[in-house]
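The structure under discussion appears below in the form of structure tokens.
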Amino acid sequence: MKGSVFSGARPTGRQHIGNYLGAIQNYVKLQDEYDCIYCIVDIHALTTLEDLSEMQYNIREMMLDWLAAGLDPEKSILFVQSHVPEVTELHTFLSMITPLGWLMRVPTFKEKARQQPHNVNYGLVGYPVLQTADIILYKADAVPVGEDQLPHLELAREIVRRFNHLVAPVFPEPQAKLTTAPMIVGLDGENKMSKSLDNHLELAATAEETEKRIKTAYTDPQRLRKSDPGRPEICNIYSLHGFYDPENLEEIAAQCRAAEIGCVDCKKKLAVALNASMEPFRERRAEFAARTGYVEEVAADGAERARAIARETIREVKEKMCLL
Ligand code: ATP
Ligand code: MG
């Protein structure tokens, strides 16, 4: 029997190269070895309650990115979280066995509470419980994610162990699956590339937008003029060359150290390499976007298939919790 994989991402809109290199490329690869389920977690997006009017647009943009990246609805289940309401039922059951202290210690909770002190809502502290429900509703063994998600996954395993111990051994302990690029640094050269920090490069951006955005990136802060020798090992533009321009990597490092190439030219080279590598993605994306009703069809079919599995898990959980 194949193992099963689950991963979800909040519908924050278009995906960036951090999302791709850290997570989506694994989503694609795992499709052949596992039964894969990928979910756009719209309920999770409600915890930060900003412009909700963008929700449906963002869900569609994200699904288009996933399809263009190679997620195949013939192989995998692609769906939207709220279309399978069983997840909220499991979330409620899990919340009865999850100690509040565990949740209050989660680093992302503390961070969000700092970022939105006017809106430290009940859903925010329960975020990892809902995330656990997402994963175990499908009894997933493996969860492809970026490094920033590891604390959440550790907590999911703790919740599973507690459920299995206190109620009945129903769920496997989900394991994280990292790519070889589990943490891509953003254009600020400092923080994790992230949509909310606006330091990202969108997969679906045009070639011109990409070049323009790369121009704004921070490089070696000690290199003030082109004639100063650079330090590729601390430059994020150089590290991105490693993913998009690996053949020329040694040459770029040597030219940078010898001050033969300036940061402006180095960025231009990166833009050319990145755009060349993204071109087939961008073409496929435009094709999917032009097919009227296609994204909606994929999501509806995915929800139906996901729901059949979810119903079965909920039945089992209710039985073990003496609710039937
Ligand atoms: P937000 O800023 O709203 O949190 P994000 O840009 O961090 O958005 P998410 O939707 O939180 O993106 O992440 C989706 C997936 O991509 C997760 O598995 C996450 O671990 C991974 N990921 C996000 N950013 C990076 C990054 N910079 N490097 C590697 N993986 C990443
Ligand atoms: Mg994030």
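Counting convention: from 1, in listed order, for ligands and their atoms alike.
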Under 4.0 Å from atom 7 (O) of ligand 1, is there any protein heavy atom? yes
Considering heavy atoms of the protein only, find what lies nearest to atom 30 (N) of ligand 1 and give residue, atom and distance to 0.1 Å. Gly18 O, 3.3 Å
Qualifying residue, where the test is side-chain hydrogen bond (donor to acceptor under 3.5 Å, both in side chains) with Arg307 and the options are Glu312, Glu86, His83: Glu86
Say whether, by atom type as modelled, one donor and one acceptor occur between the side chain of Asp220 and the main chain of Arg231 under 3.5 angstrom. yes
Step-by-step salt bridge (charged side-chain N to carboxylate O under 4.0 Å, His left out) determination, Arg311 to Glu89: CA-CA 10 Å; Arg311 282 208 187 99; Glu89 216 173 341; over 6 Å; no
Backbone N/O of Lys212 and side chain of Thr216: donor-acceptor pair under 3.5 Å: no
Thr12 heavy atoms, cut-off 4.0 Å: which ligand 1 atoms fall inside? 3 (O)
What's the shortest distance from atom 18 (O) of ligand 1 to any protein heavy atom, and which residue and atom give it? Gly146 N, 3.3 Å
Decide, yes or no, whether a salt bridge links Lys269 with Asp245 under the criterion of side-chain N to carboxylate O below 4.0 Å. no
Any atom of ligand 1 sitting under 4.0 Å from a heavy atom of His16? yes
Parallel, tilted or perpendicular: rings of Trp66 and Tyr27 (30°, 60°): perpendicular
Close-contact set for ligand 1 against Ser196 heavy atoms, below 4.0 Å: 1 (P), 2 (O), 3 (O)
Between Arg282 and Thr210, is any side-chain donor less than 3.5 angstrom from a side-chain acceptor? yes
Quick check: does Val145 get an N/O under 3.5 Å from an N/O on ligand 1? no
Just which atoms of ligand 1 are under 4.0 Å from any heavy atom in Lys192? 5 (P), 7 (O), 23 (C), 24 (N), 25 (C), 26 (C), 27 (N)
For Gly22, take its heavy atoms, then give the atoms of ligand 1 lying under 4.0 Å from any of them. 29 (C), 30 (N)
Could you list the atoms of ligand 1 found under 4.0 angstrom from a heavy atom of Pro182? 28 (N), 29 (C), 30 (N)
For atom 19 (C) of ligand 1, what's the nearest protein heavy atom and its distance? Asp148 OD1, 3.4 Å
Residue, atom and distance of the protein heavy atom nearest atom 28 (N) of ligand 1 read Ile184 N, 2.8 Å
Per-atom contacts of ligand 1 with Gln149, taking only distances under 4.0 Å to non-hydrogen atoms: 20 (O)
Which residue and non-hydrogen atom of the protein lie closest to atom 3 (O) of ligand 1, and at what distance in Å? Arg10 NH2, 3.0 Å
Give the atoms of ligand 1, by number and element, whose distance to some non-hydrogen atom of Met193 is under 4.0 Å. 24 (N), 25 (C), 26 (C), 27 (N)
For Thr179 and Asn26, test the side chains for any donor-to-acceptor distance below 3.5 angstrom and give the result as yes or no. no
Met183 heavy atoms, cut-off 4.0 Å: which ligand 1 atoms fall inside? 28 (N), 29 (C)
Salt-bridge test for Glu154 and Arg161: reply yes if a basic N is under 4.0 Å from a carboxylate O, no otherwise. yes
Return each pair, listed once, that meets ring pair (Phe, Tyr, Trp, His ring centres under 6.0 Å) where at least one residue sits in residues 192-228; pairs must be two or more places apart or across chains. His16-His200
Output a table of donor-acceptor pairs, distance under 3.5 Å, between side-chain atoms of residues 125-144 and any protein atom two or more places apart or on a different chain; print 'none' if there are none.
{"residue": "Gln131", "atom": "OE1", "partner": "His152", "partner atom": "ND1", "Å": "3.0"}
{"residue": "Gln131", "atom": "NE2", "partner": "Gln149", "partner atom": "OE1", "Å": "3.0"}
{"residue": "Thr132", "atom": "OG1", "partner": "Pro128", "partner atom": "O", "Å": "2.7"}
{"residue": "Asp134", "atom": "OD1", "partner": "Gln81", "partner atom": "NE2", "Å": "2.9"}
{"residue": "Asp134", "atom": "OD2", "partner": "Gln81", "partner atom": "NE2", "Å": "3.2"}
{"residue": "Lys139", "atom": "NZ", "partner": "Glu316", "partner atom": "OE1", "Å": "2.6"}
{"residue": "Asp141", "atom": "OD2", "partner": "Ser4", "partner atom": "N", "Å": "2.7"}

Residue, atom name and distance, where the atom is the protein heavy atom closest to atom 22 (N) of ligand 1: Asn19 ND2, 3.7 Å
